[in-house]
Structure formats: C-alpha cells, structure tokens
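Worth saying up front: this structure is predicted, and the values here are computed from it rather than measured. Chain letters run A, B, ... following the sequence lines, proteins first and then strands; every chain starts at 1.
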Amino acid sequence: MASSNFIRDIIDEDLKTDKYKGRVHTRFPPEPNGYLHIGHAKSICLNFGIARDYKGLCNLRFDDTNPSKEEVEYVESIKEDVRWLGFDWDDREYYASDYFEQLYEYAVQLIKAGKAYVCELNASQIREYRGTLTEPGKNSPYRERSIRENLDLFERMRAGEFPDGSHVLRAKINMASPNLNMRDPVMYRILRAEHHRTGNTWCIYPMYDFTHCLSDSIEGITHSICTLEFENNRPLYDWFLDELNVYHPQQIEFARLNLSYTIMSKRLLLTLVKEGYVDGWNDPRMPTIGGIRRRGYTPESMRRFSERIGVAKRDSMVDIALLEYYIREDLNKHAPRVMGVLRPLKVIIENYPDGQVEEMDAINNPEDLSLGTRKVPFSKVIYIERDDFMEDPPRKFFRLAPGREVRLRYAYFITCTGVIKDENGEITELRCTYDPATRGGDAPDGRKVKSTLHWVSAEHSIPAEVRLYDRLFTVENPAAEEDFRSCLNPNSLEILSGCRLEPYMANVKPGERYQLERMGYFCVDTKDTTGDNLVLNRTVTLRDQWVKIQNKGE
RNA sequence: UGCCCUGUGGUCUAAUGGUAAGACGGCUGACUCUGGAUCAGUUUAUCGAGGUUCAAAUCCUUGCAGGGCAGCCA
C-alpha cells in the first residue's frame with residue numbers, strides 16, 4: 001500500500017461522505033499516437049495502484065479522437081507496456097471512438113438547448129476572435145443562429161456536405177471569459193481521415209475536451225486523474241457535464257514526472273528516433289517503457305520507484321539516481337552473479353601446471369543462498385580486467401600491481417611477477433604465481449589481501465559483445481535548452497567487443513538479467529542477440545567507491 | 001500582464017493548527033572473498049513581510065518566484 005498523498009486523501013474523504021456509493025473507479029487514458037515512457041508509468045502505477053488498493057477498478061481507455069495522428073501499432077505497444085508493468089484491465093479495454101455516436105447525441109442535445117452552434121469562421125479567424133490573455137474575445141457572427149439551423153448544419157457536417165475545415169461546432173459559453181478555454185471552444189471539426197477503428201464512418205471528430213470528460217462520465221469513473229496542464233480545462237469539463245446533466249466524475253490534477261538528464265516529451269523523443277540519435281523507440285537509452293525494458297529494468301523496480309516519488313501538484317525534477325537506486329535494489333536481490341571480463345588482460349600463472357583444469361565452486365547469489373552454487377573452470381591462462389592492474393598504482397589503489405598479492409574470486413591468491421609489453425609500451429600480458437594453499441580463496445596462514453578480482457579461464461571463456469550506457473544528455477534539463485541536440489552525451493553508448501564470460505553464460509536467453517561481479521547488472525539483449533553473437537546491455541553499474549576516489553583526485 | 005496552480009534540506013515526498021519526518025544523494029566510519037551488499041553516524045529545509053491564535057509549514061492579507069492557458073492537438 002502506497003503512503004498517503006493528496007489524491008488518496010480526496011478519495012478517503014469521498015469514501016467517508018459516500019460521494020460515489022463506496023466505488024473507486026479510475027482509468028488510464030493514453031492517446032495512441034506514440035510510445036509510452038516513464039512519465040506514463042507513473043500515471044499507470046497511480047491509477048491502477050489506487051484501484052488495487054481501494055478494491056476498485058481501473059479502465060484502459062484509448063483517447064482516439066484524432067485519426068490523423070493515431071495508429072493501431074501504438075495501441076498494441078501501449079497494451080504490452082501496461083501489462084509488462086504488471087497491471088490488468090480485464091475486459092475493460094475501451095476507446096473514445098466507441099462513444100462517437102453517443103457523443104454526437106450529446107452534441108445535438110447541447111444544440112437543442114441553445115448551448116452550441118455551427119461556426120463558419122476559419123481557423124485563423126477563430127484565433128482572432130478569441131482575443132488574447134489580457135483582452136476579451138468577441139462573438140462569432142454565426143453565434144446567434146437558430147437552433148433549427150444549427151441542427152441542420154451539424155447534421156450536414158456529419159453527412160459530409162462540407163469540406164474539411166469549413167465548419168466547426170462550438171460550445172456557446174462566454175467569449176469574454178478570463179479562462180480562454182471557456183471562449184466558445186470547438187467541439188467538433190470536419191476531418192476526412194481514416195480512423196484506425198471506425199474507418200471512414202465519420203468525417204467529423206469530437207475534440208479532446210468534449211470527448212474526455214464525457215467518456216469518463218459514460219464509464220462511471222469516480223476520480224479522473226490527469227496532469228496539471230488540464231487544470232484550466234476543468235471548468236469546461238464541468239460545464240459540459242452540468243449542461244448535459246450527466247454523471248459527474250471528479251477530476252484531480254497532479255504534476256507529471258520530470259527525470260534529470262533525460263526528456264519526456266513525445267515530440268523530442270520522436271526527434272531522437274527520426275534523426276537517428278538512437279536505435280529506435282526501444283533503444284536502451286530511451287526513457288520509453290520499451291527502452292528501459294530492453295535496458296534490463298524490472299517492472300517491480302518501476303513500481304517501487306513510482307510509489308517512492310509520490311504524487312503532488314508542484315513541478316519537480318526527480319534525480320535519475322533514485323531510479324537507479326531502485327533497479328539496483330531489485331537486481332541485487334534477484335540477479336544471479338556471474339564473472340565476465342569486459343576488457344581482457346591475459347595473465348599467465350607461471351607455477352600452475354600446464355593443462356590442469358580445476359572446477360571452482362562459486363555462489364550464484366550471496367543475497368539468496370537458495371540459488372545454490374555453480375562450477376567455474378580455472379586454468380593456467382586467465383583473463384582479468386585491464387582496469388584491475390596498474391604498473392604504478394596510486395595510493396588507495398588496492399588491486400593488482402607488480403609484486404602485489406590479490407585474490408582471484410573463488411580461486412587462489414596470485415602475486416604479480418612480471419609485466420609484458422609490446423613495442424608501443426602497451427601492456428599485453430601479466431605473469432603471476434599462485435599459492436596452491438589458498439585454493440577457494442582463503443589463506444591457511446590467515447594472511448589478508450586488500451582486494452578480490454574477477455577472472456575467466458581463457459580457454460573456457462565464451463565471447464560476448466557488451467554495451468555500456470551512460471545518461472543520454474549532459475545537462476539536467478535538456479528540454480530547457482535552446483537545442484536539446486546540443487547537449488546529447490557523445491559517450492552515452494560504448495560498445496565493447498571481445499569481452500569474455502565464464503562458460504555458464506553459454507546458455508542464457510534474451511531478456512535474462514545477471515550481475516557481472518564488480519561490473520554491474522546486465523541484460524541479454526532481446527534484439528541483437530543471436531546464436532553466435534551474445535549481446536549484453538549494462539542496465540546499471542554497481543555503486544563504486546573507487547571511481548569516487550578517482551574523481552576526487554582529478 | 002487577464003485567469004488558474006504551486007513554493008518544506010542538494011533532490012523527491014510527509015507532517016491535515018500542537019516536537020518539521022522519511023527516502024535518495026553527499027560525507028564519516030564499521031564490516032566484507034564483489035572497492036557490491038549490509039550496518040552505524042552525519043550534513044542541509046518551511047520564499048519574504050504583515051496578521052489571526054496560547055500555538056502557523058498549515059488559516060488570512062500582501063509581495064516575490066516558478067509553472068500553465070491564446071490548436072479545428074491531447
């Protein structure tokens with residue numbers, strides 16, 4: 001159960017006063033014109049979470065009132081994303097387009113009540129007549145048409161007698177209202193576009209403002225939760241509902257999610273895809289649900305995150321570190337550990353017998369011993385991480401260096417005895433000796449080493465491609481930049497080939513998540529992994545004291 | 001500058017007229033066969049000014065700051 005917030009407070013109060021006869025019914029109402037992102041995840045968790053906690057219902061409803069922008073492809077991906085997040089709408093999959101006929105009847109009803117009229121001003125004229133933020137608008141010359149004439153015209157709009165854009169149906173409210181939404185807003189426009197569900201049945205389509213509030217009413221929604229920018233529209237919704245005298249849900253607005261170092265706008269996200277800055281909508285750097293899924297985030301971590309950030313009315317910017325905290329928390333508990341070397345450095349253990357192979361016991365997850373152990377082969381030639389060796393180590397570097405002894409995880413203590421370089425002075429190979437008495441990783445004489453390294457046996461390891469991701473942007477709020485492209489992080493993706501993994505990884509499946517010990521959490525890529533090319537996406541690094549020490553020194 | 005909304009540590013959220021709390025981040029330290037995890041400690045906040053009240057983050061007035069609204073988009 002989530003902690004209290006102002007929305008739950010309102011619901012508690014409504015329950016106490018029996019405003020909706022004990023019912024709690026919410027809905028998640030996306031427009032199928034793009035892919036869902038983390039901001040939507042917040043809304044999904046909010047709406048479905050409330051329904052779950054109050055033993056109510058939450059509908060999935062597609063706000064499909066603009067056929068020129070909407071597609072079935074988006075409908076399918078939205079459903080997949082909501083399901084992935086762990087929520088279920090049973091058979092309550094609705095579409096605003098299901099209500100087109102009913103909506104038309106409502107419009108006719110308003111015309112008959114003298115509360116709506118057909119206007120023949122064009123778009124720019126309507127804008128002119130609307131006035132400005134500080135000056136009132138003026139009435140349309142078509143505002144005082146007779147009811148009979150309006151009825152006739154509206155019917156002929158539907159019948160297709162007029163060209164696109166020539167006529168609109170407007171609510172007759174108040175052109176001098178300080179709230180611009182109330183200055184005779186458009187209810188219907190003529191739009192000859194094939195709708196993904198109704199085909200060519202209609203050539204007039206209702207506007208969002210008219211449709212949304214009435215769809216909520218039709219479905220018996222109790223609490224219509226939406227984002228802040230619709231606050232000024234609420235009086236209009238109230239007007240439609242009251243003039244029509246229909247069931248009246250309570251709209252509650254909350255602040256949408258902003259996450260640091262990324263963008264949430266569909267338009268900007270689309271730009272990234274179209275201009276090729278990312279590898280499609282589900283690029284693991286994208287804040288889309290498809291992107292974070294491919295990156296390796298878990299639904300559980302997303303839900304916990306959504307709960308933790310809470311819900312309020314003030315604009316905020318959530319630190320992306322909080323999101324990373326929740327994925328680490330989840331994966332730490334559940335991801336099996338495995339060893340893999342990202343940037344291999346060959347090590348030859350001089351005193352280890354040629355051709356000998358030992359099977360070392362390794363714990364699959366120290367956080368969950370029930371996951372058991374596995375065998376990891378050890379031999380004379382191994383790889384360690386290049387970053388785990390320094391020829392001239394600074395203070396506080398505890399890893400391998402000439403003459404220094406360290407532990408190989410689950411294996412032996414080794415001591416570095418030699419450094420081999422090529423003609424450019426690049427280190428190509430290390431020579432070490434091992435202490436046979438330290439098998440398994442403990443010294444019988446009780447001596448300690450300062451660090452433990454991961455490794456793989458050269459001969460037994462398998463190759464992999466590993467993709468390391470960093471934040472997509474270099475600034476906290478890219479959307480506030482003059483051109484958000486200018487602050488794209490050029491190092492947001494680093495592709496490593498020639499990585500070596502312990503043989504256990506030979507049988508992994510796309511989508512599975514592992515911790516490569518000391519390197520981070522990784523997810524087997526679902527798109528590019530093939531039989532002979534294993535691709536790992538790094539979901540998130542482990543917290544790392546050493547990089548902090550390094551950064552301080554700089 | 002018309003209307004609407006919002007101002008609590010670095011960040012996000014609590015406190016519902018009665019001791020400003022938690023999480024993340026940061027910084028210490030302990031422990032450790034992952035420089036992971038874990039544990040302990042620590043740092044920093046009610047936008048300003050008036051008012052109501054025994055008592056104000058909370059209510060009122062006002063100022064300031066931030067956000068939203070002038071699509072036949074949602």
Side-chain angles (χ1 to χ4, degrees), chain A residues 3-6 9 29-31 33 63 65-66 68-70 119 121-123 126-128 130-137 164-170 177-183 185-191 204-205 207-209 211-212 226-235 253 255 257 260 266 307-326 328-329 332-333 337 339 362-363 366-367 396-399 407-411 413 438 440-442 448-454 476 515-520 541-549:
Chain A
S3 60
S4 89
N5 58 52
F6 80 100
D9 291 346
E31 182 193 11
N33 72 339
D63 255 322
T65 55
N66 187 353
S68 64
K69 292 185 174 175
E70 295 148 5
C119 181
L121 256 22
N122 65 33
I126 287 185
R127 194 181 318 123
E128 258 171 57
R130 185 152 36 221
T132 68
L133 292 178
T134 49
E135 302 156 24
D164 286 13
S166 62
H167 297 64
V168 291
L169 182 72
R170 301 177 69 176
S177 172
N179 182 344
L180 296 253
N181 291 302
M182 301 300 271
R183 322 243 261 227
V186 172
M187 294 165 58
Y188 270 88
R189 77 282 213 188
I190 304 173
L191 191 59
I204 58 171
Y205 290 94
M207 298 290 290
Y208 171 85
D209 284 332
T211 307
H212 193 83
C226 66
T227 45
L228 250 29
E229 69 269 27
F230 295 106
E231 213 157 18
N232 293 327
N233 302 48
R234 177 155 34 92
E253 307 88 7
L257 170 66
S260 61
K266 274 186 195 172
E307 230 166 70
R308 225 337 143 197
I309 58 175
V311 44
K313 292 198 72 162
R314 71 169 123 161
D315 295 303
S316 59
M317 173 76 74
V318 175
D319 192 340
I320 195 157
L322 189 61
L323 181 62
E324 294 176 345
Y325 170 82
Y326 282 102
R328 286 194 186 103
E329 178 187 65
N332 176 50
K333 268 182 291 197
R337 269 60 164 175
M339 289 195 286
I363 295 166
E367 302 290 318
K396 292 191 177 171
F397 181 87
F398 303 143
R399 283 112 92 146
R407 171 171 34 237
L408 293 178
R409 180 92 155 140
Y410 301 126
F413 285 14
T438 58
D442 284 306
K448 301 282 186 198
V449 287
K450 290 280 272 187
S451 99
T452 300
L453 270 39
H454 62 279
E476 247 196 11
Q515 183 196 106
L516 294 192
E517 291 212 25
R518 305 207 305 135
M519 302 312 288
T541 61
L542 259 24
R543 284 179 69 231
D544 192 338
Q545 295 299 315
W546 172 238
V547 297
K548 269 181 205 164
I549 293 167

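The shortest distance between the side-chain N/O atoms of Gln545(A) and the OP1/OP2 oxygens of G36(B) is below 4.0 Å. When the side-chain nitrogen and oxygen atoms of Thr541(A) are compared with OP1 and OP2 of G36(B), none of them lie within a distance under 4.0 Å. At G35(B), one or more side-chain N or O atoms of Arg518(A) fall inside 4.0 Å of OP1 or OP2 (strictly under the cut-off).
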If the sugar-phosphate is the primed atoms plus P, OP1 and OP2 and the base is the rest, what is the B/S/- string for nucleotides 23-29 of chain B, using protein heavy atoms under 4.0 Å?
SS-SSS-
Using a 4.0 Å cut-off on protein heavy atoms (strictly under), produce a 5'-to-3' string for nucleotides 68-74 of chain B with B for base contact, S for backbone-only sugar-phosphate contact, and - for none.
BBBSBSB
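No close placement of the Trp546(A) and Phe398(A) rings is indicated, their centers lying 6.0 Å or farther apart.
Proximity note for Phe398(A) (side chain, C-beta onward) versus C5(B), G35(B), A37(B): the nearest is G35(B).
A donor-acceptor contact shorter than 3.5 Å links the side chain of Thr132(A) to the backbone of Glu135(A).
At whole-Å resolution of the value, CD in Glu135(A) and P in U1(B) are 14 Å apart.
Remark: Tyr208(A) engages His212(A), Phe230(A) in a ring-ring contact (aromatic ring centres under 6.0 Å, His included) (not counting sequence neighbours). Partners of Phe413(A) according to the ring-ring contact (aromatic ring centres under 6.0 Å, His included) rule, which considers only residues two or more places apart in sequence or in another chain, do not exist here. Considering only residues two or more places apart in sequence or on other chains, Lys313(A) meets the side-chain hydrogen bond (donor to acceptor under 3.5 Å, both in side chains) condition with Glu231(A).
G71(B): glycosidic angle within 90° of 0, hence syn.
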Paired and unpaired positions of RNA chain B as dot-bracket, Watson-Crick or G-U wobble under 3.5 Å, | denoting a partner strand:
.((((((..((((....[..)))).(((((.......)))))....(((((..]....))))))))))).....
